[in-house]
**Student:** 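Can you read through this structure? Questions will come right after.
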Amino acid sequence: MTQLRPIRYRSRALALGGALWLALLTGCGNAEKADNDGAEGSGSGSGQEVNVYSGRHYNTDKELYKQFTAKTGIKVNLLEGKDDELIVRLKSEGQNSPADVLVLVDAARIQRARQEELFQPINSEALNRDVPANLRDPDGSWFALTRRARPIMVNSALVDPTSLGSYADLTNPDLKDKLCLRNRASVYNQSLVADILEQKGTAATTTWLQGLVANVKTPFFTSDTPMLRALGRGECGVTVANQYYLARMLSDQSKPEDRALAEKVTVVFPKPTHVNITAAGVTRHARNPEAATQLIEFLASPSSGKGYAAANFEYPLKGFGDNAILSGFGTFEASPVSADQLARGNREASALMVETGWK
Ligand SMILES: [Fe+2]
């Protein structure tokens with residue numbers, strides 16, 4: 001059985017906020033004993049520890065961290081929090097931060113952390129092999145661990161899925177008052193717009209945004225799941241949402257009412273489809289950068305990476321994984337725009353959203 005217990009740190013900063021430290025141990029939940037019982041501590045890193053700040057909150061992640069400990073002997077201490085809070089926290093802790101690894105969701109956020117100089121570049125043969133070049137920082141400051149797509153989703157009673165081949169088709173005047181969108185505060189939408197911006201340029205993206213805003217059924221949503229429920233109920237005919245929200249609603253983790261609504265939704269992967277990432281980097285002041293690198297290498301490796309992606313109905317770095325719900329959605333051609341380009345385009349994308357009235 002998994003046993004989690006808070007870890008005591010002297011740093012006062014760690015008592016802040018709603019984040020939670022968890023020590024991840026196998027078996028009895030006692031570090032000293034665990035190091036001696038043969039199930040872990042057998043690797044060369046026995047006695048070492050690596051501290052992870054993570055914006056992800058999935059139990060299966062913890063299982064993987066424990067597998068890492070079993071394989072290497074390096075103990076993982078996990079602090080979970082909201083992505084933006086973790087960035088603020090790491091920044092305020094400065095060189096006193098206990099964090100060795102920072103895991104964040106969305107290219108724009110990981111780039112923000114990079115701009116705050118929270119990472120140190122690492123050069124790892126394994127990471128350069130396992131993480132495709134378009135899914136890692138060109139200087140080695142961060143590396144993607146999973147991929148998530150933001151396809152078009154349709155209620156086929158209201159909108160013909162075959163009428164939608166690309167994000168450009170969302171501006172078709174036939175969709176007036178049928179298009180539901182999450183608000184512009186969503187980093188997911190900012191990254192989607194940055195993707196189009198990189199592919200089409202400022203003028204075409206502005207026209208596209210004007211077309212979207214003209215079709216929007218207001219109010220804008222504050223998160224994806226309520227938007228998908230509205231789509232299932234027929235209050236919206238079409239939207240864009242991350243695939244894992246729909247997959248969760250379809251899974252046995254969700255309530256029967258949600259499952260019934262999700263069953264009314266058809267996923268349409270536009271050509272090409274916008275793809276974003278979960279990514280990790282070694283922190284600038286890491287006390288154990290070697291162990292931190294080893295952990296990121298482990299999580300990005302094809303075998304562990306599959307489990308890390310599956311934890312949140314995400315896609316592995318290469319291919320589409322073997323989850324039955326995701327397989328039911330079909331496969332997609334990923335946008336050629338790199339995670340680094342998405343991040344760099346965020347500022348202009350956000351400004352264009354304001355300019356064109358995306359609330
Ligand atoms: Fe999300």
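Remember, it's 1-based here, ligands and their atoms both numbered in the order they're listed.
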**Student:** For a side chain to side chain donor-acceptor pair (under 3.5 Å) with N312, tell me which candidate from Y245, Y58, Y244 qualifies.
**Tutor:**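 It is Y58; the other options fail the test.
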
**Student:** Using ring centroids (six-membered ring only for Trp), state whether F320 and F332 fall under 6.0 Å.
**Tutor:** yes

**Student:** What protein N/O/S atoms are found closer than 2.8 Å to the Fe ion (ligand 1)?
**Tutor:** Y188 OH, Y244 OH, Y245 OH

**Student:** Using atom types as modelled, flag every donor-acceptor pair under 3.5 Å from a side chain in residues 260-267 to any protein atom, sequence neighbours excluded.
**Tutor:**
none

**Student:** Looking at D139 and R114, is any side-chain nitrogen of the basic one under 4.0 Å from a carboxylate oxygen of the acidic one?
**Tutor:**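 Judged by the 4.0 Å cut-off on N to carboxylate O distance, R114 and D139 do form a salt bridge.
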
**Student:** Check this for me: R233, atom CZ, are more than 12 non-hydrogen atoms of other residues, nucleotides or ligands nearer than 6.0 Å?
**Tutor:**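 It does: R233 CZ has more than 12 such atoms within range.
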
**Student:** Take a 6.0 Å sphere around NZ of K318 and say whether it holds more than 12 heavy atoms from other residues, nucleotides or ligands.
**Tutor:**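 Yes, the 6.0 Å shell around NZ holds more than 12 heavy atoms from other groups.
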
